[in-house]
> 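Provided herewith is a single structure, encoded as structure tokens, for subsequent inquiry.
Here is how names work: the chains are called A, B, and so on, in the same order as the sequence lines, proteins then strands, and each is numbered from 1.
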Amino acid sequence: MFTPSLHPQSDAQPDSLRTEAGPYFGDFGGRFVPESLVAALDELTAEYDLVKKDPAFAAELMELHRSYSGRPSIITEVPRFAEHAGGARIILKREDLNHTGSHKINNALGQALLTKRIGKTRVIAETGAGQHGVATATVAALFGFECVVYMGEVDTERQALNVARMRLLGAEVVPVKTGSRTLKDAINDAMRDWVTNVETTNYIFGTVAGPHPFPAMVRDFQKIIGEEAREQVLALTGRLPDAVTACVGGGSNAMGIFHAFLDDTDVALYGYEAAGDGVDTPRHAATITKGRPGVLHGARSMLLQDEDGQTVESHSISAGLDYPGVGPEHAWLASIGRATYLPVTDAAAMSALRLLSQTEGIIPAIESAHALAGTLELGKKLGPEATILVNLSGRGDKDMETAARYFDLLDEGAEQS
Amino acid sequence: MSTTSPSNLSSSTTTSRHGTSTSGVTHSAVEATIARRRAAGSGALIGYLPVGFPSLTESIDAAVALAANGVDVIELGLPYSDPVMDGPVIQAATQKALAGGFKLHHGFEAVAAITAQVDVPVLVMTYWNPVLQYGVDRFADELLAAGGAGLITPDLIPDEADAWLAASERTGLDRVFLAAPSSSDARLVQAIEASRGFVYAVSTMGTTGARGAVDSAARILVDRLRAAGSTSACVGLGISTPDQVREILAYADGAIVGSALVKALTDGGVAAVGVLAAELAAGTRDLR
């Protein structure tokens with residue numbers, strides 16, 4: 001039987017929620033993968049176990065964060081936006097200001113350093129909105145790796161600019177034409193590539209889902225978001241926030257900001273899932289709200305599926321949240337009641353996107369706009385005394401085409417060109 | 001719920017097809033078939049086809065054609081939305097089956113219909129989530145009732161298989177786990193100990209699909225499995241011709257052909273499957 005070698009639980013505080021190291025988070029997680037991948041996952045787990053205790057690795061990564069991607073990211077208080085949220089104090093963690101435009105670079109840098117340690121020269125990635133693909137293409141250029149990014153054909157169309165960015169960075173982008181032609185199918189094809197080329201190739205997985213060690217490892221590379229923000233909010237306000245919010249697709253930006261607060265029992269944690277046209281319609285991606293436990297992409301977690309266990313296609317205006325699964329640690333946090341997951345429709349997210357743009361001069365990614373929309377409602381509920389920390393996980397540049405169409409922002413002639 | 005098991009079709013033959021675990025001794029029909037072929041100086045030919053492609057009826061007829069043309073064990077695939085071990089040919093076929101309305105109960109109906117007509121063991125190949133959602137015990141019971149011999153589980157490793165190990169012990173169904181060229185010696189032992197029927201030796205690092213040459217890694221893997229105590233190692237992935245079957249059976253207990261049969265079915269229907277099966281079966285004779 002497989003026994004986890006990470007983080008012996010004996011030396012941890014027995015009641016801490018911050019020491020989970022996989023393969024299981026409660027009933028969720030594990031490794032439901034073809035045998036061919038087990039050796040690679042074992043290798044990755046063992047190497048990660050080593051580097052996590054290695055101060056030289058941590059120092060190298062911190063230096064990249066500082067001098068390459070621009071950490072620490074700042075926090076920004078948004079009072080004009082907050083007027084629409086019942087007057088609650090709202091503070092944004094500005095992951096949108098990172099190099100490449102989202103939180104995805106945090107994890108890509110960590111896994112790229114790990115790839116170098118393992119001695120592999122080719123990296124592959126899946127991407128939905130293109131942000132993880134861009135981050136991976138970026139670190140591949142930085143480290144001199146060959147890079148192939150799998151992206152659902154539907155997503156290559158709605159995020160065409162990010163496809164161009166990846167190609168400009170030297171990556172090969174493979175449009176995936178199977179299944180629903182979105183993120184889930186991109187992951188399937190990336191896994192098939194990995195099964196075939198595992199000897200030379202490392203899979204830089206973009207979110208806190210997938211087989212062990214990815215959920216724990218990606219979370220660890222993202223938890224810097226919450227660690228920084230916790231200190232920054234304390235310095236600004238003199239106390240911890242009443243709530244921390246984030247959007248949840250696979251869930252890496254949410255785990256990244258939640259993790260530092262898991263043991264702060266007075267801090268409520270809210271994850272906002274994409275409700276698409278609404279959770280009372282079949283067109284949504286609200287995995288925890290509407291799903292059941294099941295196995296997809298190597299882990300047991302919450303899943304949108306039919307009675308036969310066939311994955312159901314998700315729908316969201318946001319390519320980055322358009323995923324029928326979710327990271328196992330989120331499924332666990334939901335099951336124990338530590339975090340609350342609520343659905344946000346396309347319409348509410350787009351409305352919040354425009355509101356932040358026009359009240360604060362910050363254009364968020366459509367993904368992050370789900371967190372903003374949820375926060376508007378939460379602020380009204382918590383009242384003017386409350387402070388809410390929002391993870392602004394990405395910037396909206398990549399979404400201009402979608403936003404232009406949605407809000408009819410272009411003159412007719414311009415739209416044709 | 002459409003759980004009406006056609007027990008009238010399968011009850012008369014059930015005990016001879018699936019394993020029985022009376023008095024703690026398991027008699028696997030698949031193991032017996034493979035042993036019989038080995039004793040005859042040959043090896044087993046195992047043929048894969050998915051249920052519901054191009055239609056339920058034709059998939060049943062095609063599986064029957066496999067057995068009628070010399071295939072020793074049928075591997076019946078259940079279409080799944082996210083088949084990470086499958087290459088383009090099988091992906092296209094199973095996606096078409098799902099679009100055509102495949103449901104898990106069709107799988108049990110197909111097993112019952114096939115075992116009512118032919119006398120070869122039928123293993124079901126399925127990814128894990130469908131079994132999990134159907135209910136592991138319920139799935140096992142209905143497979144048994146339909147006359148199925150057991151399960152091949154490409155994305156379930158023994159480490160995660162407690163529920164299935166228990167259900168297969170209870171029912172006597174075979175359970176086929178995979179061994180890969182990248183597997184450690186300890187994991188090969190684990191696969192051998194967990195498996196019943198045979199161990200599925202993955203010939204190459206990759207997904208299903210015909211290849212020009214069978215990887216030399218296959219022979220090394222089978223040698224390692226033998227050294228670890230395996231008495232029933234069958235090789236799959238990339239095998240599509242009688243010569244490749246002959247080459248594999250020179251050292252392995254069975255050769256598994258999938259994508260080539262699916263392609264024959266796609267291009268030429270049931271008749272073409274029968275022709276290819278007969279050609280492949282010729283590869284199991286005159287090995288030396």
Side-chain angles (χ1 to χ4, degrees), chain A residues 1-4 23-24 29-43 176-180 184-201 210-212 292-301 303-313 324-325, chain B residues 1 78-88 91-92 94-95 98-99 102-107 126-135 139 153-162 177-184 186-188 190-191 194 199-202 204-209 237:
Chain A
M1 287 292 155
F2 177 79
T3 45
Y24 272 90
R31 271 185 181 176
F32 296 85
V33 294
E35 172 66 24
S36 304
L37 287 181
V38 171
L41 291 169
D42 278 345
E43 178 187 38
V176 174
K177 298 173 189 200
T178 54
S180 60
K184 108 181 157 60
D185 309 284
I187 294 176
N188 291 338
D189 262 16
M191 282 199 172
R192 292 182 187 113
D193 180 315
W194 205 28
V195 166
T196 308
N197 300 302
V198 66
E199 215 158 292
T200 61
T201 299
H212 179 69
R292 287 180 291 123
V295 167
L296 176 68
H297 295 147
R300 185 172 187 277
S301 187
L303 180 61
L304 298 179
Q305 56 187 325
D306 71 9
E307 71 281 4
D308 273 1
Q310 308 286 356
T311 310
V312 168
E313 285 182 27
Chain B
M1 279 294 153
L78 301 186
Y80 172 57
S81 53
D82 297 273
V84 293
M85 266 303 278
D86 286 311
Q91 277 183 57
T94 54
Q95 220 171 308
L98 287 170
F102 169 81
K103 290 292 191 184
L104 286 178
H105 67 82
H106 294 134
T126 177
Y127 291 86
W128 188 236
N129 199 47
V131 181
L132 201 58
Q133 299 309 320
Y134 204 77
F139 193 104
T153 50
D155 66 344
L156 185 71
I157 53 177
D159 318 46
E160 303 281 5
D162 285 356
F177 291 98
L178 275 55
S182 60
S183 302
S184 66
R187 293 197 62 81
L188 293 187
Q190 187 189 28
V199 176
Y200 192 126
V202 173
T204 184
M205 297 299 284
T207 54
T208 58
L237 260 59

> Enter the distance from A:H212:NE2 to B:D159:CG here, rounded to the nearest 0.5 Å.
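Output value for this atom pair is 11.5 Å.
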> Using non-hydrogen atoms and a 4.5 Å limit, figure out which bit of B:A92 sits close to chain A: side chain, backbone, both or neither.
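For B:A92, no heavy atom lies under 4.5 Å from chain A.
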> What are the two closest heavy atoms between B:Q91 and A:T178, and how far apart are they?
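Residues B:Q91 and A:T178, closest heavy atoms: OE1-CG2, 3.1 Å.
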> So what's closer than 4.5 Å to chain A heavy atoms on B:V84: side chain, backbone, both or neither?
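Both parts, heavy atoms under 4.5 Å.
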> So what's closer than 4.5 Å to chain A heavy atoms on B:L98: side chain, backbone, both or neither?
side chain
> Minimum heavy-atom separation for B:Q133 and A:E307, please, with both atom names.
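What the structure gives for the nearest pair is CB-O, 3.9 Å.
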> Heavy-atom distance under 4.5 Å to chain B: side chain of A:Q305, backbone, both or neither?
side chain
> Determine yes or no for a side-chain-to-main-chain donor-acceptor pair under 3.5 angstrom, with A:E35 supplying the side chain and B:L156 the backbone.
no
> Closer than 3.5 angstrom, by distance alone: can the side chain of A:D308 be matched with the main-chain N or O of B:L104 as a donor-acceptor pair?
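Side chain of A:D308 to backbone of B:L104, a donor-acceptor pair under 3.5 Å: yes, one is there.
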> Chain A heavy atoms under 4.5 Å from B:P154: which part of the residue, side chain, backbone, both or neither?
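Just the backbone, heavy atoms under 4.5 Å.
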> Quick check: does any side chain N or O of B:S81 sit under 3.5 Å from a backbone N or O of A:T311, one acting as donor and the other as acceptor?
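Side chain of B:S81 to backbone of A:T311: a pair is present.
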> Is there a donor-acceptor contact under 3.5 Å from the side chain of A:Q310 to the main chain of B:P79?
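Looks like yes, one N/O pair under 3.5 Å.
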> Looking only at heavy atoms, what is the nearest atom pair of B:E160 and A:G30, with distance?
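Reported closest heavy-atom pair: OE2-CA, 3.3 Å.
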> Which heavy-atom pair separates B:D86 from A:R192 by the least distance, and what is that distance?
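Here B:D86 and A:R192 meet closest at O-NE, 3.0 Å.
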> Nearest heavy-atom pair of B:G206 and A:T196: which atoms, and what distance?
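Closest approach of B:G206 to A:T196, heavy atoms only: CA-OG1, 3.4 Å.
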> Rounded to the nearest 0.5 Å, what's the gap from CZ on A:R31 to CD1 on B:I157? Could you check?
6.5 Å
> Distance-only, no hydrogens or angles: does the B:S182 side chain make a donor-acceptor pair with backbone N or O of A:S36 under 3.5 Å?
yes
> Looking at A:G179, A:S180, A:A40, which makes the most heavy-atom pairs under 4.5 Å with chain B?
A:G179
> Against chain B, label A:L303 side chain, backbone, both or neither, depending on which of its atoms sit under 4.5 Å from a heavy atom there.
side chain
> Could you pull out the closest heavy-atom pair between B:Y80 and A:V295, with the gap in Å?
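Closest approach of B:Y80 to A:V295, heavy atoms only: OH-O, 3.7 Å.
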> When you measure from the side chain of B:N129 to the backbone of A:G309, do you find a donor-acceptor pair of N or O atoms at a distance under 3.5 Å?
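Yes, the answer is positive, given that a donor and an acceptor are paired below the 3.5 Å cut-off.
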